[in-house]
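Data block below; observations after.
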Amino acid sequence: MRIIFMGTPDFAVASLDALVQAGEQVVAVVTTPDKPAGRGQKMHESAVKQYAVAHQIPVLQPEKLRNPEFLADLKSYQANLQIVVAFRMLPEVVWDMPQHGTVNVHASLLPNYRGAAPINHAVMNGEKTSGVTTFLLQHEIDTGNVLLQKEVAIADTDNAGDLHDALMNAGATLLLETVNALRAGTLQPTPQDAIEGSDWKHAPKIFKEDCEIDWDRPGKDVYNQIRGLSPYPTAFTKLHDKVLKIYETVLVNEKPTIAAGEYETDEKTYLRFACTDSFLDLKLVQIEGKKRMTVGDFLRGYRFP
């Protein structure tokens, strides 16, 4: 099949690479326009564009997906399948263009965790499993008919970064299976409302207020919030009016004798915050204006009032 691939970050590169390594005919890539980034505001290319250029795949970078010139360029490649991995919402005139439609790879077991941040929310909610889904795009976001799914286990110590990498690789494998099955005509798409389950959770975009820690909760809940936001966008608290980002903790099942949100430290080797029923022993942190470091290195350079 003639495939057009649409994506932006590293998560999408794994799927694109799987297609290329399998010998699939990727005739073009669609990704975001180059943007200025960093202190020097140099133009930054998306990870998908960098990969495509290195593999001599034509690249389209439309500002607007309804632009007539872009639509004409897209049509000229005569693709019979489009694949979307971590891109933006497509208008119908784009996703309905190829013969076999447009397949999306989503980092959850749909219809569970529809939305922009399924990886973070799965870990934040303490899920034991997640997974990847390939589905056909339609009007409502993340609601199209399911093609294939693959489950991925979440360990109690996994953070969002760990799950991201596991789902990235699982998604690439599942995508190849999906393309092969589409080519063979063996797939029977399943409407999401026909998938058994109840109380499906959502995965909306994460904002700054979702990252601030409320210590007046059970330790397990705060522990899950921290690992679900690590390494990005990162949970944080205030320490003497400075923002302290927290990347890694250990749950200590010991009933605090201090109020939730207060801390204990020897100012040398440990710093732990009280929750309602237990402590969280901080392991990897970043104080405002400094680099990320172990709590031991942080304490050696920090002056408590």
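The only member of T31, T32, D34 that meets side chain to side chain donor-acceptor pair (under 3.5 Å) when paired with Q61 is D34. Looking at N80, L90, L74, T102 one by one, the single match for side chain to side chain contact (heavy atoms under 4.5 Å, CB included) with M97 turns out to be L74.
A117 and P204 get closest at one heavy-atom pair: CB-O, 3.6 Å. C211 approaches P233 most closely through the heavy-atom pair SG-CG, 3.6 Å. Here the shortest heavy-atom pairing between G219 and S278 reads CA-OG, 3.3 Å. Between I57 and V27, the shortest heavy-atom contact is CG2-C, 4.4 Å. Taking each heavy atom of L65 and V94 in turn, the nearest pair found is O-CG2, 3.6 Å. P98 and L81 make their closest contact through CB-N, 3.6 Å (heavy atoms, listed as atom of the first residue, atom of the second, distance).
Using a 3.5 Å distance cut-off with no hydrogens or angles, the side chains of H240 and Y302 do pair a donor with an acceptor. Using a 3.5 Å distance cut-off with no hydrogens or angles, the side chains of Q138 and T143 do pair a donor with an acceptor. A donor-acceptor pair shorter than 3.5 Å cannot be found between the side chains of Y270 and D281. Side-chain atoms of D266 and T269 include a donor-acceptor pair closer than 3.5 Å.
In this structure, CG on L229 lies 11.0 Å from NZ on K245, to the nearest 0.5 angstrom. Note: I154 CD1 to D162 CG = 10.5 Å, rounded to the nearest 0.5 Å. From T173, atom OG1 reaches atom CE of M168 across 11.0 Å, with rounding to the nearest 0.5 Å. Taking OG1 of T134 as the reference point, atom CG of L176 lies at 11.0 Å (rounded to 0.5 Å). The distance from the CG atom of L282 to the OG1 atom of T294 is 11.5 Å, given to the nearest 0.5 Å. Taken to the nearest 0.5 Å, the CG atom of L174 stands 5.0 Å off from the CG atom of L148.
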**Request:** Determine, stepwise, if the pair L16 / V48 fulfils side chain to side chain contact (heavy atoms under 4.5 Å, CB included).
**Result:** CA-CA 8 Å; L16 176 56; V48 163; 4.2 Å; yes
**Message:** Between K64 and F70, does the side chain to side chain contact (heavy atoms under 4.5 Å, CB included) criterion hold? Intermediate values first, please.
**Reply:** CA-CA 8 Å; K64 296 181 179 180; F70 163 67; over 6 Å; no
**Message:** Show, in sequence, the C-alpha distance, side-chain angles and deciding distance for N145 and F135, and conclude whether the side chain to side chain contact (heavy atoms under 4.5 Å, CB included) test is met.
**Reply:** CA-CA 5 Å; N145 292 346; F135 70 98; over 6 Å; no
**Request:** Assess whether side chain to side chain contact (heavy atoms under 4.5 Å, CB included) is satisfied between E24 and V179, documenting all intermediate values.
**Result:** CA-CA 9 Å; E24 296 292 347; V179 170; 3.8 Å; yes
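Hydrophobic cluster membership differs between F207 and V123, with clusters built from Ile, Leu, Val, Met, Phe, Trp and Tyr side chains linked at under 4.5 angstrom. A single hydrophobic cluster is not seen to contain both L167 and V146; linkage of ILVMFWY side chains at heavy-atom distances under 4.5 Å, directly or through other members, places them apart. A chain of hydrophobic side-chain contacts below 4.5 Å, direct or via other Ile, Leu, Val, Met, Phe, Trp or Tyr residues, connects I3 to L175. In this structure, V59 is not a member of the same hydrophobic cluster as V85, with clusters built from ILVMFWY side-chain heavy atoms closer than 4.5 Å. M293 and L239 fall within a single hydrophobic cluster, where Ile, Leu, Val, Met, Phe, Trp and Tyr side chains are chained together by heavy-atom contacts under 4.5 Å.
The 12-atom threshold is not exceeded at CD of Q188, counting heavy atoms of other residues, nucleotides or ligands nearer than 6.0 Å. Taking a 6.0 Å sphere around NE2 of H55, one finds it holds more than 12 heavy atoms contributed by other residues, nucleotides or ligands. Open room surrounds CD on Q56; 12 or fewer heavy atoms of other groups in view lie less than 6.0 Å from it. By the 6.0 Å contact criterion, NZ on K220 is enclosed, its count of non-hydrogen atoms from other residues, nucleotides or ligands being greater than 12.
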Give the table of side-chain donor-acceptor pairs shorter than 3.5 Å for residues 249-257, with sequence neighbours excluded, one pair per line with atom names and distance.
from: E254; atom 1: OE1; to: R272; atom 2: NH1; distance (Å): 3.4
from: E254; atom 1: OE2; to: R272; atom 2: NH2; distance (Å): 3.1
from: K255; atom 1: NZ; to: T276; atom 2: O; distance (Å): 3.0

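Under the 3.5 Å distance criterion, the side-chain polar atoms of T133 are matched with a main-chain donor or acceptor of S108. The closest donor-acceptor contact from the side chain of E177 to the backbone of A181 lies at 3.5 Å or more, if one exists at all. No donor-acceptor distance shorter than 3.5 angstrom exists from the side chain of D221 to the backbone of R217, with no hydrogens or angles considered. Here the side chain of Q149 pairs a donor or acceptor atom with the backbone of L110 at under 3.5 angstrom. The backbone N or O of R227 sits nowhere less than 3.5 Å from a side-chain atom of S230 that would complete a donor-acceptor pair.
Counting only heavy atoms from C-beta outward, the side chains of M6 and Q82 approach each other to under 4.5 Å. Using a 4.5 Å heavy-atom threshold, the side chains of M1 and R183 count as touching. Taking 4.5 Å as the limit, some side-chain heavy atom of I226 sits within range of a side-chain heavy atom of L280. Two residues are said to be in side-chain contact when any heavy atoms from C-beta on lie closer than 4.5 Å; M124 and I206 meet this criterion. The side-chain heavy atoms of F5 and S15, taken from C-beta on, include a pair separated by under 4.5 Å. Two residues are said to be in side-chain contact when any heavy atoms from C-beta on lie closer than 4.5 Å; V84 and V105 fail this criterion. Counting heavy atoms from C-beta on, the side chains of N104 and D142 come closer than 4.5 Å. The closest side-chain heavy-atom distance from F11 to I119 is below 4.5 Å.
Applying the side-chain hydrogen bond (donor to acceptor under 3.5 Å, both in side chains) test to pairs two or more places apart or on separate chains, those with a residue in residues 110-131 are Y113-N125, Y113-E127, R114-Q192, E127-K201, K128-D156.
Relative orientation of the W215 and F273 rings is parallel, given thresholds of 30° and 60° on the angle between their planes.
The pair E248-R292 fails the salt-bridge criterion, with no side-chain N (NZ, NE, NH1 or NH2) lying under 4.0 Å from an Asp/Glu carboxylate O.
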